[in-house]
Amino acid sequence: MTISIKTPLGTCEITGDKEGISKIEILDQKEFKQEDVPEELEAAVEQLNRYFSGELKDFNFKMNPSGTEFQKKVWQALNKIPYGKTRSYLELSKELGNVKAIRAVAAANGKNPLWIVTPCHRVIGSNGSLTGYAGGLWRKKWLLDFENPPLQQELF
């Protein structure tokens with residue numbers, strides 16, 4: 001089953017069943033219709049809404065993403081990046097034990113089926129640049145600023 005919810009970044013589509021949430025993605029569509037939330041998706045909807053209201057930093061609903069063993073290993077490493085922090089693809093490759101796997105890590109990162117929840121937006125280039133993001137670089141920047149707002153300078 002699938003449901004859509006409204007977020008500050010657009011319409012988010014959540015797919016899952018009694019085995020857990022298998023996919024969360026952001027859509028560019030403009031239309032949005034209010035839907036009843038199936039019981040199996042309630043926890044994900046509630047936690048995503050709490051995340052966007054600034055009340056939640058870690059997700060704990062039941063997840064069931066589909067992917068290769070390597071992809072799942074990369075996604076597990078992504079889940080260890082703390083809220084408000086970033087890692088480079090190189091750092092992530094080192095953590096996974098293969099510094100030469102940068103491109104494979106980046107590819108697995110791009111295949112992440114659980115938008116926001118598995119925080120692929122927290123992975124940046126070694127030089128600090130906002131490298132590719134399936135949801136668009138503007139969304140990646142928004143998420144990073146949301147999780148780690150720039151310090152406001154004093155006016156006086």
Side-chain angles (χ1 to χ4, degrees), residues 1-29 32-33 35-125 130-144 146-148:
M1 59 199 84
T2 300
I3 188 170
S4 297
I5 64 169
K6 201 173 209 173
T7 77
L9 297 173
T11 301
C12 173
E13 195 170 82
I14 304 167
T15 303
D17 56 28
K18 64 180 174 30
E19 301 301 317
I21 302 301
S22 57
K23 190 174 188 180
I24 299 174
E25 62 183 328
I26 187 70
L27 307 174
D28 285 325
Q29 70 189 37
F32 177 80
K33 67 174 185 148
E35 302 175 70
D36 290 331
V37 180
E39 182 180 339
E40 294 85 353
L41 306 181
E42 282 178 352
V45 169
E46 185 262 334
Q47 288 183 33
L48 281 163
N49 285 330
R50 287 183 53 219
Y51 169 85
F52 281 113
S53 69
E55 300 171 20
L56 184 81
K57 295 181 179 182
D58 296 306
F59 299 91
N60 63 8
F61 55 82
K62 189 174 181 182
M63 298 171 215
N64 188 24
S66 180
T68 67
E69 285 303 312
F70 179 76
Q71 288 171 332
K72 289 179 180 181
K73 188 176 175 183
V74 171
W75 301 337
Q76 287 172 354
L78 292 173
N79 285 325
K80 294 177 184 172
I81 303 172
Y83 182 95
K85 302 292 183 191
T86 59
R87 296 284 183 279
S88 71
Y89 289 102
L90 179 59
E91 289 171 320
L92 207 51
S93 297
K94 286 178 181 177
E95 286 175 28
L96 291 165
N98 186 350
V99 70
K100 295 182 180 183
I102 295 173
R103 288 178 193 240
V105 167
N109 194 45
K111 298 280 187 197
N112 168 26
L114 297 175
W115 178 68
I116 305 264
V117 175
T118 297
C120 57
H121 61 278
R122 296 180 189 153
V123 182
I124 59 174
L130 298 184
T131 56
Y133 186 65
L137 289 180
W138 72 271
R139 284 188 178 109
K140 183 173 188 162
K141 180 176 181 350
W142 189 97
L143 289 165
L144 292 173
F146 176 73
E147 292 184 358
N148 193 14

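Positions are given from 1 along the sequence.
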Checklist entry - Is there a side-chain contact between P119 and Y83 (heavy atoms, below 4.5 Å)? => result no
Checklist entry - Can you check side chain to side chain contact (heavy atoms under 4.5 Å, CB included) on N98 and V105, steps first, answer last? => result CA-CA 10 Å; N98 186 350; V105 167; over 6 Å; no
Item to check | 4.5 Å side-chain heavy-atom contact, K94 and E91 | outcome: no
Next on the checklist: Nearest 0.5 Å, please: how far is CG in N148 from NZ in K85?
Outcome noted: 6.5 Å
Checklist entry - Side chains of I21 and V117: closer than 4.5 Å at any heavy-atom pair? => result no
Checklist entry - Can you tell me how far the CD1 atom of I14 sits from the CD atom of Q47, to the nearest 0.5 Å? => result 10.5 Å
Next on the checklist: Do L48 and T7 have side chains that approach each other closer than 4.5 Å (heavy atoms only, starting at C-beta)?
Outcome noted: no
Checklist entry - Looking at S93 and A101, what are the two nearest heavy atoms and their distance? => result OG-C, 3.7 Å
Checklist entry - Run the side chain to side chain contact (heavy atoms under 4.5 Å, CB included) check on N112 and V74 step by step: do they pass? => result CA-CA 9 Å; N112 168 26; V74 171; over 6 Å; no
Checklist entry - Rounded to the nearest 0.5 Å, how far apart are SG of C120 and CG of N109? => result 5.0 Å
Checklist entry - Atom NE2 of H121 and atom CD1 of I116: how far apart are they, to the nearest 0.5 Å? => result 5.5 Å
Checklist outcome for this item: Taking every heavy atom of F70 against every heavy atom of A104, the minimum-distance pair comes out as CE2-O, 3.5 Å
Checklist entry - Heavy atoms, side chains only, cut-off 4.5 Å: are F59 and N79 in contact? => result no
Checklist entry - Can you name the nearest heavy-atom pair linking P38 to M1, along with the distance? => result CB-SD, 3.3 Å
Item to check | Summary of salt bridge (Lys or Arg N to Asp or Glu O under 4.0 Å) pairs that have at least one residue in residues 53-81, sequence neighbours excluded | outcome: R50-E55
Checklist outcome for this item: Between I26 and G135, the two heavy atoms sitting closest are CG2-CA, 4.0 Å
Item to check | Short side-chain to backbone donor-acceptor contact, W75 and K111, under 3.5 Å | outcome: no
Item to check | CD (E19) with more than 12 external heavy atoms under 6.0 Å | outcome: yes
Next on the checklist: For a side chain to side chain contact (heavy atoms under 4.5 Å, CB included) check, start with the C-alpha distance between L9 and W138, then their side-chain angles and the critical distance, and finish with the verdict.
Outcome noted: CA-CA 9 Å; L9 297 173; W138 72 271; 3.8 Å; yes
Checklist entry - Within a strict 4.5 Å, meaning less than it, do heavy atoms of the I81 and T86 side chains meet? => result no
Checklist outcome for this item: Output for pair (S88 OG, I102 CD1), nearest 0.5 Å, gives 7.5 Å
Item to check | Heavy-atom side-chain contact between S22 and D17 under 4.5 Å | outcome: no
Next on the checklist: So F146 and P8, do their side chains get closer than 4.5 Å, heavy atoms only?
Outcome noted: no
Item to check | Working for side chain to side chain contact (heavy atoms under 4.5 Å, CB included), residues Y51 and E147 | outcome: CA-CA 10 Å; Y51 169 85; E147 292 184 358; 2.6 Å; yes
Next on the checklist: Please report the interatomic distance CG(N64) to NZ(K18), rounded to the nearest 0.5 Å.
Outcome noted: 10.5 Å
Item to check | K140 (side chain) donor-acceptor with V123 (main chain) under 3.5 angstrom | outcome: yes
